[in-house]
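Just below is one structure, and these are the notes that go with it.
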Amino acid sequence: MRITILLSLIFALGGCTSQITFDSSHVDTIIKVGEALKAPVSDFQFTIDSSWLIALKTPDEKIQGSITKIKIHDHLIYTLDELQSKNLNVYDFNGNYVRSIGNIGKGPQELLNISDFCIYQEQIFLIDNITERIQIFSTTSGKFLKTVPLSFRPHEMEVINDNQYLFELSEYNQGHEDRFQRYNLVVTDSLFQPQTFFLSHPKTKDNSVQYISINNPFNRVKDSIYYFSTITDAVYQFSIDSLTQCVYFDFGRQYSIPTDLKYDDNKFTKYAQRHDYAYFVESPILLENYIAGILRVNKKKFFVLTDRQECFVKEISLNDYNALDPVFCIGAYGNTLISTIDDVGLQQFKAKNLFSEQITNHENYNFILFSKLK
């Protein structure tokens with residue numbers, strides 16, 4: 001029997017705090033990842049309806065070294081490179097460059113670092129976690145709209161509705177109020193004033209806790225927002241007035257990370273090299289009917305795909321994998337996964353003459369793979 005627990009969120013002025021303790025026996029779905037790891041599959045083509053590749057034609061001055069996040073909105077592709085170029089680029093579905101959003105700098109409309117972006121209705125929200133502010137732009141024109149200062153340092157963000165915003169807090173909130181250091185999530189009102197905090201973690205005397213965090217922990221599917229917690233190995237669903245613990249990834253005794261290591265990133269890194277701990281390298285991506293993600297187990301990587309009933313994993317071997325398998329997934333829309341393509345995969349596409357010699361040899365292009373699942 002599937003059991004769902006709804007926890008009411010109290011959105012009252014003055015703020016309150018809520019601590020959620022996770023119980024794997026009270027979730028909608030339990031994914032047996034540990035069992036799937038013992039019997040990996042050879043490929044994922046049995047789950048894929050169709051695939052197509054898009055070359056993103058980028059001007060020299062807007063080259064993206066790598067893409068860490070992709071969003072689709074109004075038939076446009078938004079790609080973020082937060083590690084190297086720190087550009088948010090926009091393309092059409094033919095891969096033609098449309099514009100870039102936001103400029104790097106210290107000016108009133110600029111950002112020192114884009115740690116995340118989200119899109120809601122006709123607005124693009126760019127988070128600068130260094131200056132602790134949000135720059136908002138128009139989706140239709142790309143023009144700057146306004147700057148919003150924050151009273152905390154965010155890591156990631158999603159918009160719940162017109163009056164509520166959801167933030168994952170950065171682990172580097174020293175100097176701010178105690179609650180910004182002790183909780184993972186905060187919900188703010190329309191003026192970005194904190195109201196409700198969720199998912200507390202232990203606090204040491206020197207505030208040295210650095211819990212395991214990963215990029216893109218938020219997923220929006222239709223009208224719901226999902227958050228993946230590395231501490232509980234669970235996905236939580238946010239809606240307008242409730243929070244549901246909906247998916248738990250069961251790694252089993254062999255692959256589970258001891259809880260104390262999850263609150264000490266340095267200690268975890270040291271021990272992970274010698275144990276078969278399983279953990280997501282990037283946040284799992286939720287689609288309409290599937291969940292996909294990339295696991296690391298010791299020095300190996302595995303691609304995980306589940307329809308919430310069956311779970312399949314495939315080892316990602318750089319010397320031997322099918323380029324049509326969406327093993328480097330970083331985005332989705334509907335029931336379609338979006339993945340980046342590495343040099344090995346690109347050479348496979350080139351060998352199959354899927355692109356012209358001119359395009360495949362163009363060093364300024366990024367390539368993304370769309371995989372529509374059955």
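Here the structure is a predicted model, which is why all the values come from computation and not from measurement.
- The aromatic rings of Y165 and F167 sit tilted, their planes meeting at an angle between 30° and 60°.
- Remark: the H73 side chain and the Q121 side chain contain no N/O donor-acceptor pair separated by less than 3.5 Å.
- When all heavy atoms are compared, the tightest approach of E82 to I114 is CB-O, 3.3 Å.
- For the pair Q64 (side chain) and N87 (backbone), a donor-acceptor distance under 3.5 Å is present.
- For the atom pair CG of N113 and CG of N129, the computed distance is 5.0 Å after rounding to the nearest 0.5 Å.
- With hydrogens and angles left out, the side-chain atoms of Q193 and T188 include no donor and acceptor closer than 3.5 Å.
- In this structure, SG in C118 is found 8.0 Å from NZ in K71, a value given to the nearest 0.5 Å.
- A cation-pi contact links R274 to Y271, judged by a cut-off of 6.0 Å to the six-membered ring centre and 45° from its axis.
- The closest donor-acceptor contact from the side chain of K300 to the backbone of I316 lies at 3.5 Å or more, if one exists at all.
- Of the N and O atoms on the side chains of T259 and Y263, not one donor lies less than 3.5 Å from an acceptor on the other residue.
- For the residue pair Q45/D325, the side-chain donor-acceptor check at 3.5 Å is satisfied.
- Within the model, atoms CD of Q174 and OH of Y172 stand 8.5 Å from one another, a figure rounded to the nearest 0.5 Å.
- If you check the side chains of S138 and E122, you find no donor sitting under 3.5 Å from an acceptor.
- A donor-acceptor contact closer than 3.5 angstrom is absent between the side chains of N163 and D189.
- Nearest approach of S115 to E156, heavy atoms of both residues: O-OE2, 4.0 Å.
- Remark: the D178 side chain and the Q181 side chain contain no N/O donor-acceptor pair separated by less than 3.5 Å.
- For the residue pair Y91 / T58, a side-chain donor-acceptor distance below 3.5 Å is found, with atom types taken as modelled.
- Between the side chains of N266 and T269, no donor N or O sits under 3.5 Å from an acceptor N or O.
- Distance alone, capped at 3.5 Å, places no donor-acceptor pair between the S200 side chain and the Y183 backbone.
- Distance check: L111 CG to I101 CD1 gives 11.0 Å after rounding to the nearest 0.5 Å.
- Through direct or relayed side-chain contacts under 4.5 Å between Ile, Leu, Val, Met, Phe, Trp and Tyr, L191 connects to no other residue.
- Listed by chain and residue number, D49, S50, W52, T336 satisfy the side chain to side chain contact (heavy atoms under 4.5 Å, CB included) test with K372 (two or more places apart in sequence, or in another chain).
- Both tests hold for K69 against F117: distance to the six-membered ring centre under 6.0 Å, angle to the ring axis within 45°.
- We find the CG-OH distance between N219 and Y226 to be 9.5 Å, quoted to the nearest 0.5 Å.
- Ring orientation note: the planes of F180 and F152 are close to parallel, at an angle under 30° on the 30°/60° scale.
- No hydrogens or angles considered: nothing links the side chains of N89 and T79 as a donor-acceptor pair under 3.5 Å.
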- [ ] Give the intermediate values and the outcome of side chain to side chain donor-acceptor pair (under 3.5 Å) for residues H176 and E132.
- [x] CA-CA 12 Å; H176 292 287; E132 299 179 5; 3.0 Å; yes
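- Atom OH of Y333 is separated from atom CD1 of I70 by 11.5 Å, given to the nearest 0.5 angstrom.
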